[in-house]
There are 2 protein chains.
Amino acid sequence: MEFDDKVPIYFQIEQYIDREIIVGNLAPGAQVPAVRQLALTLTVNVNTIQRALAELIREGILVSERGKGNFVTTDTQVLAQMKKRVIQGELAGTYDHLASLGMAPAEMVAALEEYIKERKGGESHD
Amino acid sequence: MEFDDKVPIYFQIEQYIDREIIVGNLAPGAQVPAVRQLALTLTVNVNTIQRALAELIREGILVSERGKGNFVTTDTQVLAQMKKRVIQGELAGTYDHLASLGMAPAEMVAALEEYIKERKGGESHD
DNA sequence: ACCAGTGTAATAGCTAACTAGAACACTCGT
DNA sequence: ACGAGTGTTCTAGTTAGCTATTACACTGGT
């Protein structure tokens, strides 16, 4: 997996797992791949995986069962909150940044629409 | 100044100065505050300021004149490019993140509009 | 009882980011 | 020539993040 070297890997892994859950690749109650397996897949050290998972466990997103594995919580309330938090966080960051560039809310929407349009036009190559 | 401890301070300073230029607080040709002054204002070390400025100088956004100071370039072309790059980068990040959550472009626009609406409603407190 | 698979913890070492402090180089006004 | 203000460079030390490696603890199947 590729990481942005501007932000801690353990944090990016947290976000990665959040997304896997939101998208549905990891359903409520499902077992998360073993830490050693994740370490291989993401090509990072077990300790780094552990650090990411520890935070998710602390938040109640994951539940750890020693000797068995780590599992996605079945508390859909918690998962729904997490999803909302992730999306709101994304939008809030964009909003704040664009606002600090002197952009009005309406302009932000317009800019996003414009960006999407441009992106659709020229995404054949890569 | 407050920093996000998830990303290097020198990088956040780069972005801060980019924004000051885009907004117009730092006009083309204007002198940037002295490094020691910036260090005080932003409560970081001179070396950290230097590292941020060095990158901006490398990019041609700033021009360094030893003994005189650092100045915003008068090359409006470079500044326009920088502005576009900053805004596009912002939108691209949001787009990619939301797309990885399984969101379609139209939904992103809707989510942003929704967020703006909610924000307007409850931003009296703080 | 054993073993394979799992999570957990601890140690040691590396590097990037940041800080502190000092020294150096240049410009301008006097 | 000097001094104040500026950028530039260097050394030393701290901390956070990551890696490598090892050991420990628990579960479930045989």
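A, B, ... follow the sequence lines: proteins, then strands. Residue 1 opens every chain. Heavy-atom basis, side chains included; hydrogens, waters and symmetry copies ignored.
When A:I17, A:L38, A:V35, A:I49 are each tested for a side chain to side chain contact (heavy atoms under 4.5 Å, CB included) with A:N70, only one passes: A:V35.
Computed from coordinates, the B:I49 CD1 to D:dT6 C1' distance equals 15 Å when rounded to whole Å. For the pair B:E65 CD and C:dT27 P, the computed distance is 10 Å after rounding to whole Å. In this structure, B:F71 places its CZ atom 12 Å from P of C:dT27, rounding to the nearest Å. Distance B:I9 CD1 to C:dA16 P: 17 Å, rounded to the nearest Å. Put simply, CZ on A:R51 is 16 Å from P on C:dT8, counting in whole angstrom units. One interatomic measurement links the two molecules: CG of B:N45 to C1' of D:dT15, which rounds to 15 Å at whole-angstrom precision. Between the NZ atom of B:K6 and the P atom of D:dT15 there is a distance of 20 Å, rounded to whole Å. Distance, B:L38 CG to D:dT6 P: 11 Å, rounded to whole Å.
Each of A:V7 and A:V86 belongs to its own hydrophobic cluster when Ile, Leu, Val, Met, Phe, Trp and Tyr are linked at side-chain heavy-atom distances under 4.5 angstrom.
Listed nucleotides D:dT19, D:dG17, C:dT19 differ in distance to A:P8; the shortest reach to its side chain belongs to D:dG17. If you check C:dC28, D:dG17, D:dT6 against the side chain of B:K68, the one that comes closest is C:dC28. Closest approach to the A:R66 side chain among C:dT6, C:dT8, D:dG17 is made by C:dT8 (side chain taken as heavy atoms from C-beta onward).
Checking A:T94 against A:E90 by side-chain atom types alone, no donor-acceptor pair falls below 3.5 Å.
Heavy-atom nearest nucleotides on DNA chain D were determined for B:L53 and for A:V46, and the one closer to the 5' end corresponds to B:L53. Taking the nucleotide of DNA chain C with the nearest heavy atom to each of A:A34 and A:D5, the more 5' of the two is matched to A:A34.
A salt bridge between B:D4 and A:K6 is absent, with no side-chain N of the basic residue lying under 4.0 Å from a carboxylate O of the acidic one.
Between B:Y10 and the phosphate of C:dA17, there is a side-chain N or O to OP1/OP2 separation shorter than 4.0 Å. Phosphate contact (OP1/OP2 of D:dG7, side-chain N/O of B:N70, threshold under 4.0 Å): present. Residue B:R36 places no side-chain N or O under 4.0 Å from the OP1 or OP2 atom of D:dG5. Residue A:T48 places none of its side-chain N or O atoms closer than 4.0 Å to OP1 or OP2 of D:dG17.
Side-chain atoms of B:N47 and base atoms of C:dA17 include no donor and acceptor less than 3.5 Å apart.
One finds the CZ atom of A:R19 at 10.0 Å from the CG atom of B:L98 (value rounded to the nearest 0.5 Å).
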